[in-house]
Colleague: 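Right, I'll just put the structure down here and ask away after.
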Amino acid sequence: MNFITIGQDVAMTSAANSLPVSGHVMKFIEGARVVTESELQANNITRHHVTKYYRNQITNSGYYEQLKNIVEPSVQEFESPGSLDTSGEHDNTVVLGLQHKYPQTGLLLVTDRCASYCRYCFRKRLVGKESDEIAPDFARVAQYIRDHPEMTNVLLSGGDPFVLSTAKLNEILDHLLPIRHLESIRFGTKWWPMSPSALTILLYRPCFNESKKRVRLQ
């Protein structure tokens, strides 16, 4: 798996106190700009991070001017208004990392990382950061689901669950699969367009063997 993270670390000087400030050159659609990590975090801007495969796909597609907006940052993000919790996820969190907004569906946040960072992401508050919204205790999650038989499916999201190790995915599934009223366990992933060959390898992981037929990708 090849990733491209655009950025070159540089040393800057603060005008206020003449002390060096850590920063890096980041490529924006409008041109390169020196930014600090704190500046990116204050504006909830993720770094320019994309798989080599997807970068090549959009560059050679004939629609680069349109598709670049999916993964390339713009300076307009510094002035982007709006809520960082557009769908009320905090209000619907019932156990840390687990949301129960609709009776039949649970949404489980399992990671704050992705293969590539989409500029339109509605979870910029947590993706690409060390988030405290990710589920730390799958036993508690499983207990809540057992206590709510109306929940028939769980969507694993984040972040992209396929950035997790086989051991971690097995740990999650080992807690969820014994719950008999769960008809499906879904993985919300964008590995299909980001790196299809890598996804093929992922699907040979032991956690996707024939005994776990309720697992679904979407």
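As a basis for the values below, the full set of heavy atoms in this structure was taken, side chains included, without hydrogen atoms, waters or symmetry mates.
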Colleague: Identify the heavy atoms of N92 and S87 that sit nearest to each other, and give their distance.
Modeller: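 Scanning both residues completely, I find the closest heavy atoms to be ND2-O, 3.9 Å.
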Colleague: If you take all heavy atoms of L126 and S131, which pair is closest and at what distance?
Modeller: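 Heavy atoms only, the tightest pair is CB-OG, 3.3 Å.
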Colleague: Can you name the side-chain hydrogen bond (donor to acceptor under 3.5 Å, both in side chains) partners of E39, sequence neighbours left out?
Modeller: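 E39: side-chain hydrogen bond (donor to acceptor under 3.5 Å, both in side chains) contacts with R33.
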Colleague: Would a distance-only check, ignoring hydrogens and angles, find a side-chain to backbone donor-acceptor pair under 3.5 Å from T51 to S195?
Modeller: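 Here the side-chain-to-backbone pair does not exist.
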Colleague: My understanding is that only residues two or more places apart in sequence, or in another chain, count here; which of them pass side-chain hydrogen bond (donor to acceptor under 3.5 Å, both in side chains) with H100?
Modeller: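 H100: side-chain hydrogen bond (donor to acceptor under 3.5 Å, both in side chains) contacts with Y144.
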Colleague: Looking only at non-hydrogen atoms, find the nearest pair between L96 and D132 and report the distance.
Modeller: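 Heavy-atom minimum between the residues: CD1-O, 3.4 Å.
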Colleague: Hey, could you give me each pair passing salt bridge (charged side-chain N to carboxylate O under 4.0 Å, His left out) that has a residue in residues 142-161? Not counting sequence neighbours.
Modeller: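 The answer is none; no pair qualifies.
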Colleague: S157: what forms a side-chain hydrogen bond (donor to acceptor under 3.5 Å, both in side chains) with it, not counting sequence neighbours?
Modeller: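 Residues passing side-chain hydrogen bond (donor to acceptor under 3.5 Å, both in side chains) with S157: R123.
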Colleague: Could you go through the side chain to side chain contact (heavy atoms under 4.5 Å, CB included) check for H181 and T152 one step at a time?
Modeller: CA-CA 6 Å; H181 63 261; T152 58; 5.7 Å; no
Colleague: With clusters defined by side-chain heavy atoms of hydrophobic residues (ILVMFWY) lying less than 4.5 Å apart, directly or transitively, does L40 cluster with I29?
Modeller: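 No; tracing contacts between hydrophobic side chains, which count when under 4.5 Å, never links both residues.
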Colleague: Grab the two heavy atoms, one from Y117 and one from G128, that are nearest each other, plus how far apart they are.
Modeller: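 Looking at all heavy atoms of both residues, the shortest contact is OH-CA, 3.5 Å.
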Colleague: So, are R125 and E133 salt-bridged, with charged N and O less than 4.0 Å apart?
Modeller: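 Salt bridge flag = yes for E133 with R125.
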Colleague: Using the side chain to side chain contact (heavy atoms under 4.5 Å, CB included) criterion, which residues pair with Q76? Sequence neighbours excluded.
Modeller: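 In terms of side chain to side chain contact (heavy atoms under 4.5 Å, CB included), with neighbours along the sequence ignored, Q76 is linked to E30, S74.
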Colleague: What ring pair (Phe, Tyr, Trp, His ring centres under 6.0 Å) pairs are there with at least one residue in residues 65-98, not counting sequence neighbours?
Modeller: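 Output for this query lists F28-F78.
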Colleague: Who passes side chain to side chain contact (heavy atoms under 4.5 Å, CB included) against A167, sequence neighbours left out?
Modeller: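 By the side chain to side chain contact (heavy atoms under 4.5 Å, CB included) rule, A167 matches S165.
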Colleague: Do any N or O atoms from the side chain of K190 and from the backbone of C114 form a donor-acceptor pair under 3.5 angstrom?
Modeller: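 Answer holds: no.
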Colleague: Please report the closest heavy-atom contact between V25 and A32, naming both atoms and the distance.
Modeller: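 Heavy atoms of V25 and A32 come nearest at CG1-CB, 3.8 Å.
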Colleague: Taking atom OH of Y102 as the centre, report whether more than 12 heavy atoms of other residues, nucleotides or ligands fall under 6.0 Å from it.
Modeller: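 No - once you tally the heavy atoms of other residues, nucleotides and ligands closer than 6.0 Å, there are 12 at most.
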Colleague: List in chain and number order the residues that pass side chain to side chain contact (heavy atoms under 4.5 Å, CB included) with T93, two or more places apart in sequence or in another chain; answer none if no residue qualifies.
Modeller: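 So T93 forms a side chain to side chain contact (heavy atoms under 4.5 Å, CB included) with Q99.
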Colleague: Please identify each residue that fulfils side chain to side chain contact (heavy atoms under 4.5 Å, CB included) with L67, with sequence neighbours left out.
Modeller: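 L67 satisfies side chain to side chain contact (heavy atoms under 4.5 Å, CB included) with I58, S61, Y63, I70 only.
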Colleague: Under the side-chain hydrogen bond (donor to acceptor under 3.5 Å, both in side chains) rule, collect the residues that match up with K129, sequence neighbours excluded.
Modeller: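 In terms of side-chain hydrogen bond (donor to acceptor under 3.5 Å, both in side chains), with neighbours along the sequence ignored, K129 is linked to N44.
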Colleague: Step by step, would you call E77 with K124 a salt bridge (Lys or Arg N to Asp or Glu O under 4.0 Å)?
Modeller: CA-CA 11 Å; E77 293 182 40; K124 286 187 176 182; 3.2 Å; yes
Colleague: Taking the side chain as everything from C-beta on, heavy atoms only, tell me whether D174 gets closer than 4.5 Å to F138.
Modeller: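 In short, these two side chains do not touch, never coming nearer than 4.5 Å.
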Colleague: Could you give me the CA-CA distance, side-chain angles and deciding distance for F122 and E89, then say whether side chain to side chain contact (heavy atoms under 4.5 Å, CB included) is met?
Modeller: CA-CA 11 Å; F122 67 92; E89 294 191 319; 3.9 Å; yes
Colleague: Quick one: side chains of residues 104-111, donor-acceptor pairs under 3.5 Å with protein atoms, not counting sequence neighbours, listed by atom name and distance.
Modeller:
residue: T105; atom: OG1; partner: N153; partner atom: OD1; Å: 3.4
residue: T105; atom: OG1; partner: N153; partner atom: ND2; Å: 3.1
residue: T111; atom: OG1; partner: R113; partner atom: N; Å: 3.2

Colleague: Return the minimal non-hydrogen interatomic distance between G188 and L155, and the atom names on each side.
Modeller: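 Closest pair (atom of G188, atom of L155, distance): N-CD1, 3.6 Å.
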Colleague: By the salt bridge (charged side-chain N to carboxylate O under 4.0 Å, His left out) test, which pairs, at least two apart or in different chains, include something from residues 66-76?
Modeller: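 Qualifying pairs: R55-E72, E65-K68.
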